Amino acid sequence: MSLSLFDSKSQSLRSFEPIVAGQVGIYLCGPTVQGLPHVGHLRSALVYDQLRRWLEAKGLAVTLVRNITDIDDKVLENAKATGEQWWALAYRFEQEFNRVYQVVGIAAPTYEPRATGAIPEMIALIQKLIERGFAYQADDGSANVYFAAGKWANYGELTNQRIDDMADDADAESRGKRAPHDFALWKAHKVGDADSAAWNTPFGLGRPGWHIECSAMATKYLGSKFDIHGGGLDLRFPHHENELAQSGAAGDEFANFWLHNGLVNVAGQKMSKSLGNSIFAADLLALARPAAVRYYLGSAHYRSVLDYHEGVLDEATAALGRIETFLARADRAGAKIAIGNSLLAAVPAAFIAAMDADLAVPTALAVLHDTVRDGNSAIDLANLSDVSAAATSVRAMLAVLGIDLDMAEAPTSGNEQALDQLIQGLISERNAARAAKDFARSDAIRDQLKAAGITLEDAAESTYWSVN
RNA sequence: GGUGGAGUGGCUGAGCGGCCCAAAGCAACAGCCUGCAAAGCUGUAAACCCACGGGUUCAAAUCCCGUCUCCACCUCCA
């Protein structure tokens, strides 16, 4: 295993070795389903989809668990605003998340647990923490239970911070906390909150704090020690720090590697509700086809900030078009795609090196484009074996990256056949005009098709058409 | 106040001690091809010294020190 990954906890590139040979357990903090998925959600999910595909290409059996946070303050708040049941709202958005994930080719996780499905495990974990002296029920007698950050000597180890240096939580005392940096494990039910949003527990009626769910679910499905924990950079603190503290205090070794993906800026600015500059997944998908959206999201390294602005999807579409044109030309040239049962064996060494270097997808894309150029040259030289090799290689790289070009093969539907027949008629007419040197007529036909969004390409042996 | 990240061509964006007189894509220009295009290939220009100023080294975009600017996180956040 020559894969290196940047581990946020040690802040260094570490060689990745699975805890159990041949298997990888990954836990991802999935979305809080309180609203529509935006470009940031898509990017995060995509990063780990690429990681998973790469691990699988390398022959590892990946167990990917990505949770759904279906209860929290925002879910309850937003449901009050829309007049829905909180669980109906959460489920509605959960489905929308899964819809857009599916559209851009993010494979479904091995399992997708909901926070509300792990309440008994959370209660058990909280009780364990109370027994061990790392958690306490609020001094005001409410059902609030807090984690005593100061009691856990390693608190701050994930983000390299010391409690004394952290900014204070202003209203800590009013909620029965003993220290400002203690955080909620269990939140007491409040008057006005839906009855369905409360569970009866040894601490009283209430609902889970934000962090406890991930500790409970990660260990429930992956064990007390697992390979990789991932999520957005914004989750590093407090969410992941608190998860680590809870699980560590409960005696779990927890994640071997911590991965954090960079966020998405919009025209250089942070995306936020208050700025009103959010780009939703549906916005992207309305502007470009899924493969282009996926290409764009992978155009910057996963730990870098990815900027979204006007034109980025057009660039991605153009880059993709180049790859597509090559594959179409190779196909016409008679290239044989021969990917065996190992994608890894069909992919260039430079591509493997890039992916192994902390998942350097932009570098991997450069290798892909180099291969396209070499393949195009081979077509011009009529070197069929090189063409086949390049096309095979390109197909394999696309497969590893999960980019599904969904290229038009021979027309299949009735509509496509009808269109093809019409255009073939015009192409014949144009070629007849060209043969007769009636270029006014031939250009008029080409312009007519162009106005309809159809581009003609005169290859040596025939004329091909494609819809822009 | 604390913690972390970034500043590379017209744009996006890799590289993070010698293979860098800096990848790849987009955009531009020229040549080949074409009746003309498109597509493709080739080439060119584009980063004056890779934010700025010092330093270490035989060698620095890459390491160190300082400065400037920007961004993120510090209990809502992918």
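In what follows, chains carry the letters A, B, and so on, assigned in the order in which the sequence lines appear, proteins first and then strands, with residues in each chain numbered from 1. These numbers were taken from a predicted model, which means no experiment stands behind them.
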Just the rounded figure in Å: distance from C1' of B:G4 to CG of A:N261. 15 Å
Which listed nucleotide (B:A78, B:C74, B:C41) is nearest to the side chain of A:S377? B:C41
B:U56 - base-pair partner by Watson-Crick or wobble geometry, distances under 3.5 Å: none
Anything under 30° is parallel, anything over 60° is perpendicular, the rest tilted; go ahead and classify A:W258 against A:H240. tilted
N/O (side chain, A:H369) to phosphate O (OP1/OP2, B:A24) under 4.0 Å: no
Taking NE2 from A:H239 and C1' from B:U75, how many angstroms apart are they, rounded to a whole number? 12 Å
Under 3.5 Å on both distances, the Watson-Crick or G-U partner of B:C11: B:G25
Mind checking whether A:H229 and A:Y27 have parallel, tilted or perpendicular rings, split at 30° and 60°? tilted
Describe the nucleic acid contact of A:Y101 in one word from base, sugar-phosphate, nothing, applying a heavy-atom distance below 4.0 Å. nothing
Mind checking if A:D370 touches a base, just sugar-phosphate, or nothing, with heavy atoms under 4.0 Å? sugar-phosphate
Which value, in whole Å, describes the distance between the P atoms of nucleotides B:C49 and B:U69? 26 Å
Of the candidate nucleotides B:G35, B:U75, B:U12, which contains the atom at the shortest distance from the side chain of A:E315? B:U12
In Watson-Crick or G-U wobble terms, both distances under 3.5 Å, what is the partner of B:A51? B:U67
Less than 4.0 angstrom between a side-chain N/O of A:N160 and OP1 or OP2 of B:G4, yes or no? yes
Should A:R322 be listed as having a side-chain N or O under 4.0 Å from OP1 or OP2 of B:G25? yes
Closest to side chain of A:F439, choosing from B:C41, B:G35, B:A78: B:G35
Any base atoms under 4.0 Å from A:R329, or only sugar-phosphate, or nothing? Heavy atoms, all strands. sugar-phosphate
Grab the CG-P distance between A:D314 and B:C11 for me, whole Å please. 18 Å
Is it the case that the base of B:G35 and the side chain of A:D443 share a donor-acceptor contact (distance under 3.5 Å, atom types as modelled)? yes
Who does B:C20 pair with, Watson-Crick or G-U, both distances under 3.5 Å? none
May I ask you to decide if the ring planes of A:F280 and A:H38 are parallel, tilted or perpendicular, using 30° and 60° as cut-offs? tilted
Nucleotide nearest A:R430 (side chain, heavy atoms from C-beta), chosen from B:A37, B:A78, B:C76: B:A37
Output the single nucleotide from B:A14, B:U75, B:G25 whose closest atom is nearest the side chain of A:H211. B:U75
Write down the partner of B:U3 under the Watson-Crick or G-U wobble criteria, each distance required to be under 3.5 Å. B:A72
Between atom CG in A:L320 and atom C1' in B:A24, what is the gap in whole Å? 14 Å
Indicate, with a heavy-atom threshold strictly under 4.0 Å, whether A:G40 touches base, sugar-phosphate, or nothing. base
Testing the basics here: between A:L405 and A:L327, what is the closest heavy-atom pair and its distance to 0.1 Å? CD1-CD1, 3.7 Å
Between B:G13 atom P and A:R43 atom CZ, what is the distance in whole Å? 10 Å
Could you state the CG-P distance from A:D458 to B:A39, rounded to the nearest angstrom? 12 Å
Rounded to whole Å, NZ of A:K437 lies from P of B:G35 at a distance of 7 Å
Counting any heavy atom closer than 4.0 Å, what does A:K270 reach on the DNA or RNA strands: base, sugar-phosphate only, or nothing? base
Mate of B:A38 across any strand shown (Watson-Crick or G-U wobble, both atom pairs under 3.5 Å) is none
Taking the six-membered ring for Trp, are the ring centroids of A:F226 and A:F254 within less than 6.0 Å of each other? yes
Looking at the side chain of A:F183, which of B:G2, B:C71, B:U75 is the nearest nucleotide? B:U75
Are A:D447 and A:K450 ion-paired here, with the side-chain N under 4.0 Å from a carboxylate O? no
Complement of B:U62, any strand, by Watson-Crick or G-U distances under 3.5 angstrom: none
Tell me the interatomic distance from A:R446, atom CZ, to B:U34, atom C1', rounded to whole angstroms. 9 Å
Would you tell me if any nitrogen or oxygen in the side chain of A:S304 comes within less than 4.0 Å of OP1 or OP2 on B:A14? yes
For A:E429, which of A:R446, A:R434, A:R441 qualifies under salt bridge (Lys or Arg N to Asp or Glu O under 4.0 Å)? A:R441
